[in-house]
Amino acid sequence: MSKGLPKRSEDYSLWYNELVKRADLAENSPVRGCMVIKPYGYSIWEKMQAQLDKMFKETGHTNAYFPLFIPKSYLSKEASHVEGFAKECAVVTHYRLKNSEDGKGVVVDPDAKLEEELIVRPTSETVIWSTYKNWIQSYRDLPLLVNQWANVVRWEMRTRLFLRTAEFLWQEGHTAHASKQEAIDETVQMMNVYAEFAEKYMAVPVIKGVKSANERFAGAEDTYCIEAMMQDGKALQAGTSHFLGQNFAKAFDVKFATKEGALDYVWGTSWGVSTRLMGALIMAHSDDNGLVLPPKLAPIQVVIVPIYKGDDELDRISDKAKEIIAKLRAKGITVHYDHRDTHKPGWKFAEYELKGVPLRIAMGPRDLENNTIELARRDTLTKETINLNDVEIDAYVEALLEKIQESIYQKALNFRNEMTTEANSWEEFEDLIENKGGFLSAHWDGTTETEEKIKELTKATIRCIPIDQKAEEGKCILSGKPSKGRVLFARAY
RNA sequence: CGGGGUGUAGCGUAGCCCGGUAUCGCGCCACAUUUGGGAUGUGGAGGUCGUAGGUUCGAAUCCUGCCACCCCGACCA
């Protein structure tokens, strides 16, 4: 491994790609657009999963699993859904291979053609709603609150590790309700769960909002989202929650008997976050030295590096380190003691910085003598020497980790606020999008036509209509037609 | 999927124009000296030059197809 990462200021994309590989998060696979998530990267994803799963359970959801393959005909049952996904579906046409004529490999056996071709799920609404038809008869069967953790495939033209891959991991919640309002409440609730997760665990501030018709999920009545700001001034959609109305219920004929004895279609929602969150996490906090992980998602929260000459010294330091490790673990803190003699301390320091470990403790002979340790923070790159006679190390570290979590969030929030600008004229809008980036808060006349024109002219899209949008009379930035509030524009991933 | 670029040891590269069996650095292995911010020395291992064909006495080098990756468009979570 060569030293030094590319600089963010010089080539942000290159910095990101290199960081993902060097920090052992993921690498490309032999198949175009797919990725291998390496153990360290997967550990972070597992921590995200664990927390999200807990939050889903707390809001009444249960996990289930639906199959990878979907009959091709299912996709076309909901018109706008097929329109949205047809272009990027992987299709299974055969079920057998055979040895090739020249004996040099295997070929698809033409005799093993499937009667009905299968698509690899790009999302599971169709299979799930076809199943729900059998599960729901009465209002007593509702609400149905199901989530699944799964992989999906979307045959993307242009891919990037974590941000857009042909196959990705995610969770998809699919719920059915007896009333419209209840389904809308569910949709909003899950957006709020995502926002809370992003802010409290990932330390990434997000804007909650509703998508314009143009950006809406294929098959939804409304798409709610959380939008995050990356360090290069581009926006990233971090999670979506869809109010499906009765669209899928109608497409798959899912009716229920109401309390009053009438027959009605059920109301649906779906919501998801994916391994794309990994990309958001990386791009929101990391620096030119490597990853910066929020303590709540860091696979290793504290690393202890002994500095020693000879086995005797190592033994004495290890004795002391073990006491500290035991105390920290008792507090539920994840500690790694790296006493390998195959690498020098300086090498380890750089390595753990690259991997984003929030806190590093160094202990050498001088520390042993003075009963001190050196504490180094990853987020600020600052060091302090702590006298163990003066502080309770476990409580101190616990508090410091919390402080780091908060400080990373504040830094990202300050950045996001600096990068959110009101644009009041078209000239200003063009100048800001080109030279500053970030979110532009501007008036829009509400038409798809204007939205597309703006995209064509500036590559900026409407990220969302913020939930907390203030009523304000104004004129559309492009068309000059009347508008009742500002929406957020940005160039986006 | 369109335009441009790249592919040589685990990683980064020279060589390609002008054809003759592959250069350098990092990493890896062994030993010694080292250890408070990516150690040093000595010795060593590792390559069907992305892949499949073609031209040639001979191909990393020339020609064609394919694959992958990067950048810019279109598409998208």
Side-chain angles (χ1 to χ4, degrees), chain A residues 1-6 11-14 16-18 21-22 27-35 83-88 102 104-105 122-123 152-172 194 211 214-218 223 225-228 235-242 270-280 289-290 305-311 313-314 317 339-354 360-370 372-374 376 381 383 385 455-456 459 461 463 492-493:
Chain A
M1 188 186 296
S2 60
K3 288 188 209 173
L5 217 49
D11 190 337
Y12 195 82
S13 303
L14 186 64
Y16 175 83
N17 292 337
E18 283 294 306
K21 287 177 201 159
R22 297 236 203 132
E27 60 190 38
N28 284 300
S29 82
V31 178
R32 173 196 164 76
C34 293
M35 68 175 162
E83 170 114 8
F85 287 107
K87 296 183 292 288
E88 49 190 41
D102 62 11
K104 283 183 181 166
T123 179
V152 286
V153 169
R154 296 180 190 175
W155 217 260
E156 298 289 350
M157 288 300 137
R158 209 171 148 186
T159 59
R160 292 190 75 190
L161 292 170
F162 290 120
L163 296 174
R164 183 171 299 109
T165 45
E167 179 195 14
F168 57 92
L169 305 185
W170 77 346
Q171 61 61 221
E172 44 180 326
Y194 288 155
K211 287 292 186 189
N214 216 27
E215 301 275 328
R216 193 180 288 154
F217 174 74
T223 288
C225 63
I226 55 169
E227 291 284 328
L236 184 106
Q237 178 175 302
T240 48
S241 183
H242 315 290
S270 68
W271 28 274
V273 293
S274 71
T275 36
R276 182 178 234 209
L277 288 179
M278 294 285 292
N289 292 316
V305 178
I307 296 156
Y308 61 94
K309 288 178 197 167
D311 288 345
E313 202 163 86
L314 175 61
I317 293 169
H339 60 275
R340 289 178 296 174
D341 63 356
T342 49
H343 296 282
K344 298 189 40 154
W347 189 92
K348 293 177 186 174
F349 293 173
E351 180 71 4
Y352 290 110
E353 271 163 21
L354 179 62
R360 180 183 73 231
I361 295 176
M363 296 172 67
R366 286 209 300 271
D367 294 304
L368 221 47
E369 216 167 284
N370 303 323
T372 57
I373 54 166
E374 182 191 78
L381 295 169
K383 291 191 251 194
T385 300
K455 183 179 178 184
E456 193 187 314
K459 293 180 205 159
T461 50
R463 299 322 303 154
Y493 278 99

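Lettering of chains follows the sequences in order, A, B, ..., and the numbering in each one begins at 1. As a basis for the values below, the full set of heavy atoms in this structure was taken, side chains included, without hydrogen atoms, waters or symmetry mates.
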message = My understanding is that a pair needs two contacts under 3.5 Å, Watson-Crick or G-U wobble. By that rule, which nucleotide pairs with B/A30?
response = B/U42
key: Nucleotide B/C76, atom C1' - distance to CZ of A/Phe217 in whole Å   = 13 Å
request  = Using a heavy-atom cut-off of under 4.0 Å over every strand shown, decide if A/Gly33 touches base, sugar-phosphate, or nothing.
outcome  = sugar-phosphate
task = Provide the distance between the two P atoms, one in B/G53 and one in B/U13, to the nearest whole Å.
result = 29 Å
ask   = Quick one: A/Arg160 CZ to B/C76 P, roughly how many Å, whole number?
value = 18 Å
ask   = Does any nucleotide pair with B/A68 by Watson-Crick or G-U wobble geometry, both distances under 3.5 Å, and what is it?
value = B/U6
request  = Among the candidates B/G37, B/G36, B/C76, find the nucleotide nearest to the side-chain atoms of A/Phe349.
outcome  = B/G37
request  = With heavy atoms under 4.0 Å as the rule, sort A/Ser274 into base, sugar-phosphate or nothing.
outcome  = base
ask   = Can A/Lys455 and A/Asn214 be said to form a side chain to side chain contact (heavy atoms under 4.5 Å, CB included), step by step?
value = CA-CA 11 Å; A/Lys455 183 179 178 184; A/Asn214 216 27; 5.6 Å; no
ask   = A/Met157 CE to B/C71 C1': how many Å, rounded?
value = 18 Å
query = Who does B/C17 pair with, Watson-Crick or G-U, both distances under 3.5 Å?
reply = none
remark   = Under a 3.5 Å limit on both distances, the Watson-Crick or wobble mate of B/C62 is B/G54
ask   = How is A/Arg340 classified with respect to the nucleic acid when contacts are heavy atoms under 4.0 Å: base, sugar-phosphate, or nothing?
value = nothing
ask   = Hey, does the side-chain of A/Lys344 have a donor or acceptor N/O within less than 3.5 Å of a partner on the base of B/G36?
value = no
ask   = Separation of A/Glu18 atom CD from B/C71 atom P, in whole Å?
value = 11 Å
task = Classify the nucleic acid contact of A/Thr165 as base, sugar-phosphate or nothing, counting any heavy atom under 4.0 Å across all strands shown.
result = base
message = I want to check one thing: is the phosphate of B/C72, taken as OP1 and OP2, less than 4.0 Å away from some side-chain N or O of A/Arg158?
response = yes
key: Ionic contact status for A/Arg22 with A/Glu18, cut-off 4.0 Å   = yes
query = Quick one: A/Glu27 CD to B/A68 C1', roughly how many Å, whole number?
reply = 14 Å
query = Paired with B/G25 by Watson-Crick or G-U wobble geometry, both distances under 3.5 Å: which nucleotide is it?
reply = B/C11
note = Taken to the nearest whole Å, CE/A/Met35 to C1'/B/A68 is 17 Å
inquiry  = Looking at A/Lys309, I'd like to know whether one of its side-chain N or O atoms comes within less than 4.0 Å of OP1 or OP2 on B/G36.
reply    = no
message = Looking only at the side chain of A/Asn28 (C-beta and beyond, no hydrogens), which of the listed nucleotides B/G36, B/C69, B/C75 gets closest?
response = B/C69
remark   = Among B/G36, B/C28, B/A68, the one nearest any side-chain atom of A/His343 is B/C28
ask   = Contact class for A/Leu163 vs. all strands (heavy atom < 4.0 Å): base, sugar-phosphate, or nothing?
value = base
task = Would you kindly give the CZ-to-P distance between A/Arg164 and B/C70, to the nearest whole Å?
result = 12 Å
query = A/Asp11 versus A/Pro6: any side-chain heavy-atom pair under 4.5 Å?
reply = no
ask   = Does the pair A/Leu381 and A/Glu353 meet the rule for a side chain to side chain contact (heavy atoms under 4.5 Å, CB included), with working shown?
value = CA-CA 9 Å; A/Leu381 295 169; A/Glu353 271 163 21; 4.1 Å; yes
key: Within-4.5 Å side-chain heavy-atom neighbours: A/Thr123 and A/Arg154   = yes
Whether A/Tyr194 and A/Trp271 hold their rings parallel, tilted or perpendicular, with breakpoints at 30° and 60° = perpendicular
query = What does A/Asp341 touch in the nucleic acid at a heavy-atom separation under 4.0 angstrom: a base, only the sugar-phosphate, or nothing?
reply = nothing
request  = Counting heavy atoms from C-beta on, name the nucleotide in B/G38, B/G37, B/G36 closest to the side chain of A/Trp347.
outcome  = B/G38
ask   = Given the C1' atoms of B/C26 and B/C66, what is the spacing between them in whole Å?
value = 33 Å
request  = For A/Glu156 and A/Thr165, run side chain to side chain contact (heavy atoms under 4.5 Å, CB included): C-alpha distance rounded to whole Å, both residues' side-chain angles, the deciding distance at 0.1 Å, then the answer.
outcome  = CA-CA 7 Å; A/Glu156 298 289 350; A/Thr165 45; over 6 Å; no
task = Identify whether any heavy atom of A/Glu156 sits under 4.0 Å from a base atom; if not, whether one sits that close to sugar-phosphate; answer base, sugar-phosphate or nothing.
result = base
message = Tell me whether the side-chain N/O atoms of A/Lys459 come closer than 4.0 Å to OP1 or OP2 in B/G73.
response = yes
task = With the side chain of A/Glu351 defined as its heavy atoms from C-beta on, choose the nearest nucleotide among B/G38, B/C75, B/A68.
result = B/G38
task = Sticking with atom P, work out how far B/A14 lies from B/G50, rounded to a whole angstrom.
result = 13 Å
task = Would you mind telling me which of B/C76, B/G37, B/U35 lies closest to the side-chain atoms of A/Ala350?
result = B/G37
message = At 4.0 Å (heavy atoms only), tell me whether A/Tyr308 reaches a base, stays on the sugar-phosphate, or touches nothing.
response = base
message = For a quick check of understanding: with a heavy-atom distance under 4.0 Å over all strands, which category does A/Tyr493 fall into, base, sugar-phosphate or nothing?
response = nothing
query = Within this structure, what is the NZ-to-P distance between A/Lys348 and B/G36, rounded to whole angstrom?
reply = 11 Å
Closest to side chain of A/Ile307, choosing from B/C1, B/C71, B/G36 = B/G36
message = Using OP1 and OP2 only, check whether a side-chain N or O of A/Ser13 sits under 4.0 Å from B/C71.
response = yes
request  = Kindly determine whether A/Asn28 and A/Lys21 satisfy side chain to side chain contact (heavy atoms under 4.5 Å, CB included), including the steps that lead there.
outcome  = CA-CA 9 Å; A/Asn28 284 300; A/Lys21 287 177 201 159; 4.1 Å; yes
